[in-house]
Amino acid sequence: MFKKKDVIGITLSVLIAIIAYFLNLSVLTGLGAPTISILLGIILGNLYFHQPQLESGTAWSEKKLLEYSVMLLGATVTFQTIQKLGWSGVAFIVLQMVLTIAFVLFIGGKLGFSKNDARLMAAGNAVCGSSAIAAVDPVVGATIKERRTSITMVNLMGTVLMLTLPAIGTWVFGSSNFLRGALIGGTVQSVGQVVASGTMVNPATTTTATLFKIMRIMLLVFVVLFFGMQHRREQGQAGKSKQITVKRNSFLPWYVLGFLILCVLNTGIHFPPFVSDAAHFLSSWCETIALAAIGLRLNIIEFIKAGKKLMIYGFATIAFQVLLALLLISLLLK
């Protein structure tokens with residue numbers, strides 16, 4: 001549950017979401033309330049609302065409401081929907097993740113970054129942004145500076161992909177919601193950024209992108225164990241030994257588990273329309289409010305402050321991710 005200090009930030013996020021809803025009905029028809037919500041949040045957050053007392057509330061809205069949104073989405077899909085991704089979809093995600101990790105580790109070493117910088121960047125970009133970094137951090141013994149650097153860079157690059165992939169996907173794949181969803185869900189860093197990016201296209205693309213993203217999240221544990229064993233081997237060679245500690249939610253975050261449970265129930269008993277409609281309504285509003293919070297928390301100044309070498313690292317990574325995804329989608333999913 002949220003705390004008293006969170007109320008101001010949550011309230012502001014809700015108000016922006018409501019304004020976005022009415023703007024979508026009247027002035028900016030067709031753009032979509034979630035898209036308007038994040039754009040309003042970015043503008044207002046960078047011009048007016050950047051007070052410290054808003055931070056905890058917007059952080060809660062971004063994290064928790066997006067988790068609720070993803071979980072509730074499970075009541076609107078069935079395993080027949082997920083099966084549409086197919087084994088080729090699984091192969092796409094596995095190859096995309098493995099090759100992204102390999103590239104980020106390689107280029108990080110070439111640019112002179114520490115092994116932990118590269119590992120955290122690899123996990124954040126390949127899997128699920130800050131959540132993946134938080135899961136890998138304790139198993140590799142990263143410093144606070146390494147953690148902050150990677151989180152900042154991964155979120156900045158995720159923002160770039162969030163805003164550009166809808167246009168790139170439409171340019172390359174036309175009106176195919178499945179292929180555009182695969183591109184977004186297979187590359188964009190955080191769950192929130194995936195939802196926001198898919199929303200800029202249409203609801204069908206958002207659903208497909210979310211399904212591909214969930215596949216990446218479910219593979220997080222293997223990434224954590226890989227980096228943990230790699231770090232432990234290095235420690236052993238240096239004459240040190242440390243127990244690998246894997247966070248419980250590295251295996252399966254609660255909202256992904258909730259999504260799967262609701263999906264199983266909907267597949268087995270077929271929820272009546274009013275249940276699916278209610279879940280969709282609540283999921284959409286949670287998403288719209290969360291996107292307002294994401295916008296409020298997106299600090300454009302951070303792009304300017306990032307060092308030149310770090311920016312080269314970040315942009316090289318997302319350029320590789322996008323080009324690789326376009327190639328794999330063309331080979332495996334078209």
Side-chain angles (χ1 to χ4, degrees), residues 1-73 76 129-130 155-156 158-167 170 184 188-207 209-210 255 277-303:
M1 288 298 291
F2 61 85
K3 300 174 183 178
K4 194 173 181 179
K5 65 178 181 178
D6 300 336
V7 172
I8 300 175
I10 294 171
T11 302
L12 180 60
S13 301
V14 171
L15 287 174
I16 290 174
I18 292 171
I19 293 169
Y21 173 79
F22 284 108
L23 284 175
N24 183 56
L25 290 179
S26 54
V27 182
L28 301 172
T29 307
L31 188 57
T35 303
I36 298 170
S37 187
I38 192 169
L39 293 176
L40 270 179
I42 292 170
I43 294 168
L44 295 174
N46 282 276
L47 292 179
Y48 305 109
F49 299 111
H50 39 71
Q51 295 84 351
Q53 57 266 38
L54 295 171
E55 190 164 330
S56 62
T58 54
W60 187 92
S61 298
E62 175 184 352
K63 178 175 171 56
K64 293 299 181 183
L65 293 181
L66 267 176
E67 291 175 351
Y68 294 142
S69 176
V70 171
M71 181 190 71
L72 289 167
L73 189 64
T76 68
S130 301
N155 278 293
L156 290 178
T159 301
V160 172
L161 290 182
M162 175 186 77
L163 296 173
T164 57
L165 282 188
T170 301
I184 292 168
V188 179
Q189 280 77 349
S190 76
V191 174
Q193 290 164 343
V194 167
V195 173
S197 191
T199 299
M200 292 177 193
V201 184
N202 57 40
T205 299
T206 305
T207 299
T210 303
Y255 58 92
D277 290 345
H280 182 267
F281 174 82
L282 291 172
S283 178
S284 297
W285 270 103
C286 285
E287 173 194 334
T288 305
I289 297 167
L291 292 178
I294 289 173
L296 287 168
R297 292 172 60 79
L298 199 160
N299 188 351
I300 294 175
I301 301 298
E302 288 183 353
F303 280 100

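Owing to the predicted nature of the structure, the values given are computational and were not obtained by experimental measurement.
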Enter the distance from Leu296:CG to Ile42:CD1 here, rounded to the nearest 0.5 Å. 9.5 Å
Do Ser37 and Thr288 get their side chains close enough for a donor-acceptor pair, meaning under 3.5 Å? no
Counterpart residues, ring pair (Phe, Tyr, Trp, His ring centres under 6.0 Å), relative to Phe22 (two or more places apart): none
To the closest 0.5 Å, what do you measure between OG (Ser13) and CH2 (Trp60)? 10.0 Å
Not counting sequence neighbours, which residues clear side-chain contact (heavy atoms from CB on, under 4.5 Å) with Ile19? List them please. Leu23, Leu40
Is the shortest heavy-atom distance from the side chain of Thr159 to the side chain of Gln193 under 4.5 Å? yes
To the nearest 0.5 Å, tell me how far Thr210 OG1 sits from Ile184 CD1. 9.5 Å
Distance in Å, Ile289 CD1 paired with Lys64 NZ, rounded so as to fall on 0.5 Å steps: 16.0 Å
How many angstroms lie between CG in Leu65 and CH2 in Trp285, if you round to the nearest 0.5 Å? 12.0 Å
Working for side-chain contact (heavy atoms from CB on, under 4.5 Å), residues Val201 and Thr206: CA-CA 8 Å; Val201 184; Thr206 305; over 6 Å; no
Using modelled atom types and a 3.5 Å cut-off, is there a donor and acceptor pairing between side-chain atoms of Arg297 and backbone atoms of Glu55? yes
Sequence neighbours excluded, which residues qualify as side-chain contact (heavy atoms from CB on, under 4.5 Å) partners of Leu15? Thr11
So how far is it from Gln189 CD to Met162 CE, rounded to the nearest 0.5 Å? 10.5 Å
Is the shortest heavy-atom distance from the side chain of Leu282 to the side chain of Tyr68 under 4.5 Å? no
pair Leu163-Met200: side-chain heavy atoms closer than 4.5 Å: yes
For a quick test of reading the model, state the closest non-hydrogen atom pair linking Ile16 to Ala292 and the distance between them. CG2-CB, 3.7 Å
